[in-house]
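Every chain is numbered from 1 and lettered A, B, ... according to where its sequence line falls, protein lines coming before strand lines. Heavy-atom basis, side chains included; hydrogens, waters and symmetry copies ignored.
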Amino acid sequence: MEKNLEILRHSASHIMASAVKELYPDAKLGIGPAIEDGFYYDFDVEKPFTPEDLKRIEDKMKEFIEKDYPFEKIMMKREEAKKFFSEKNEIYKVEILNEIEDEEVSIYKHNGFYDLCRGPHVSSTGEVKFFKLLDVAGAYWRGDEKNKMLQRIYGTAFFTKEELEEFLKKREEAKKRDHRKLGRELEFFSIHPEEAGPGLIYWHPKGSIVRSIIEDLWKKAHLENGYQLIYTPHIAQEKLYEISGHLKNYSEFMYSRMLIDDVPYRIRPMNCPGHILIYKTKIHSYRELPLRYAELGTVYRYEKSGVLHGLLRVRGFTIDDAHIFVQKENVSEEVIRVLDFSISILKAFGFEDFKLYLATRPEEKFIGEIEDWEKAENALKEAIERAGLDYEIDEGGGAFYGPKIDVKVKDALGRLWQCSTIQFDFNLPERFDVFFINKEGKEERPYLIHRAIFGSIERFFGVLIEHYKGAFPFWLAPVQVRVLNITDDVLDYAKNVYERIKKSGIRVELDSRNITLNKKIRESEMEKIPYTVICGKKEKEKGNVSIREYGRGDRGSISFDEFLKRILQENKNPTLTV
RNA sequence: GCCGGCGUAGCUCAAUGGCAGAGCAACGGAUUUGUAAUCCGUAGGUUGGAGGUUCGAGUCCUCUCGCCGGCUCCA
């Protein structure tokens, strides 16, 4: 974010806090920073704020802005500041002060409102002209669920009215793209929380056809890139997860045991142990490495009810998984290869921008030696750097068995979505005693790379829906062409056109209902079908079809053969760069 | 899981504590139409679920399930 905008928003958060203190004097202050889309301030209040309160606070803010109070910076000795905020009963400010090491701290003041703050601020409240309070939400003090929950008010501020309006418009736009709404309207999928359980996806025919196109492309790309496809079962005896360490380190996400012939089984939360079992069925030579097993593996994980979200966060999902057994000295090279492969596939689906994150060892809940972790983290880092990609460090964000690289894609609205993940693992090979025979004829331990490109098919589909607003490119669209007849007189011709398109392998539908042309067009357009083909008397006479392209309206009349040639050309899958 | 908001027909939404309604969709009929909604009719509901208050509950209270916005977490 631009520095000045950050200052403006931070100032807005102070004005909001002062308004809250005026209206609710007992509210204790938490923190109130500027964030990417605006700002927030946390308050400890007896009663949570209501939307009506928000309006009152906003009005009070406007009043303060009108009065144009100057912001003043006051320097205070830390101990003095502690005393100052203790007397005001601002316990959270005191807590922050206890952790500040500087001898002197700055405090910003306007209209009798004092806040511990590094600053800087705009010179007076009157500079914050275009703002809006957006939402109230609970938020744990310091983001820790063990702490008290405070009430957070979100808002945003801009320098101009136009920018504010554009921001609000973009929010509306995002709502229209919501994959949950589009998923229902376009009959892609449904969720049946009451009857079947929350977080479980039912793929309807329209969604399923898109999924199968995605999966077909994925399979073909993997076979061409040195992977072997496998299938493994969805349940396994508990002892498999004892060996893998999931039971110890991942049980909070695993569903409870079921007994089969008195033997405890679990439904799988990950696919890795199964892949390792296949690897271990024979002795492998270093010549076979890197050995790459890929599976569209469906897993089930317990996710807390409050985090479930459409297709993006679910309880049962299919990972486009692969496990690569690789010699230590080839790890970096293999990671680069995987990164290139991932990005090439994501690009095929129309994503251009990516952001990489290197996630390091978690504070608690990790297995293996710290030294190995550091080595692995360096190997991943080297791979990213050698591939020439920008990245950020996600401190403590690794899986329990190793560090990872996450790839997020940027969608049409500039939002980031987590897709690919490349995870480094030196623990499972140890636990399962995985080895290969090296050049010297000795047993050697390989490293294991877990990786997914889409992440989960469900999530990726959700991201695709939002990216394309449900209007998929021709090759991905569930229905690619809809043929409309204008009257029953030309139904035979329309049927003929439909049959010939269908025979060529294009996904086509015929709308022969006896309703107005306008109505048929409207429906075809609302279903976001790429081509609507209209057959009337004029077309029949010439062997033509009239074409409507989704979102572009009437594109005129061309011969059927020409149209067929065109859509067959357009139907080819995008080519991969790897 | 936590905080707040919300659950009425397939969808979008009405209904002061007093007869559960509309539009779209569905179904039936008329209409044979040239680039985004033809007209008429029919049917559709234990108001998420269970208790309670009341002469009377969609509306008020309690519990519960679920959804939405956040927090925490995450493929």
message: For the P atoms, the ones on B:rU47 and on B:rG7, what distance do you get once it is rounded to whole angstrom?
response: 15 Å
- request: Could you state the atom-to-atom distance from CZ of A:F188 to P of B:rC11 in whole Å?
  value: 18 Å
- prompt: Would one find a side-chain N or O of A:R180 under 4.0 angstrom from OP1 or OP2 of B:rC68?
  reply: yes
query: Should A:Y40 be listed as having a side-chain N or O under 4.0 Å from OP1 or OP2 of B:rG70?
result: no
message: I want to check one thing: is the phosphate of B:rU31, taken as OP1 and OP2, less than 4.0 Å away from some side-chain N or O of A:K519?
response: no
message: Checking base pairs now: Watson-Crick or wobble, both atom distances under 3.5 Å. What partners B:rG51?
response: B:rC61
Rounded distance in Å - CG (A:L133) to C1' (B:rG69): 15 Å
message: Do A:E377 and A:T360 pair up side chain to side chain, a donor and an acceptor below 3.5 Å, judged on atom types alone?
response: no
task: Return the value, rounded to whole Å, for the distance between atom CD of A:E303 and atom P of B:rC67.
output: 14 Å
- request: Answer yes or no: does atom NZ of A:K410 have more than 12 heavy-atom neighbours from other residues, nucleotides or ligands under 6.0 Å?
  value: no
A:L308 CG to B:rA75 C1', straight-line distance once rounded to whole Å: 13 Å
message: Check this one for me: any side-chain N or O of A:T516 less than 4.0 Å away from OP1 or OP2 of B:rU38?
response: yes
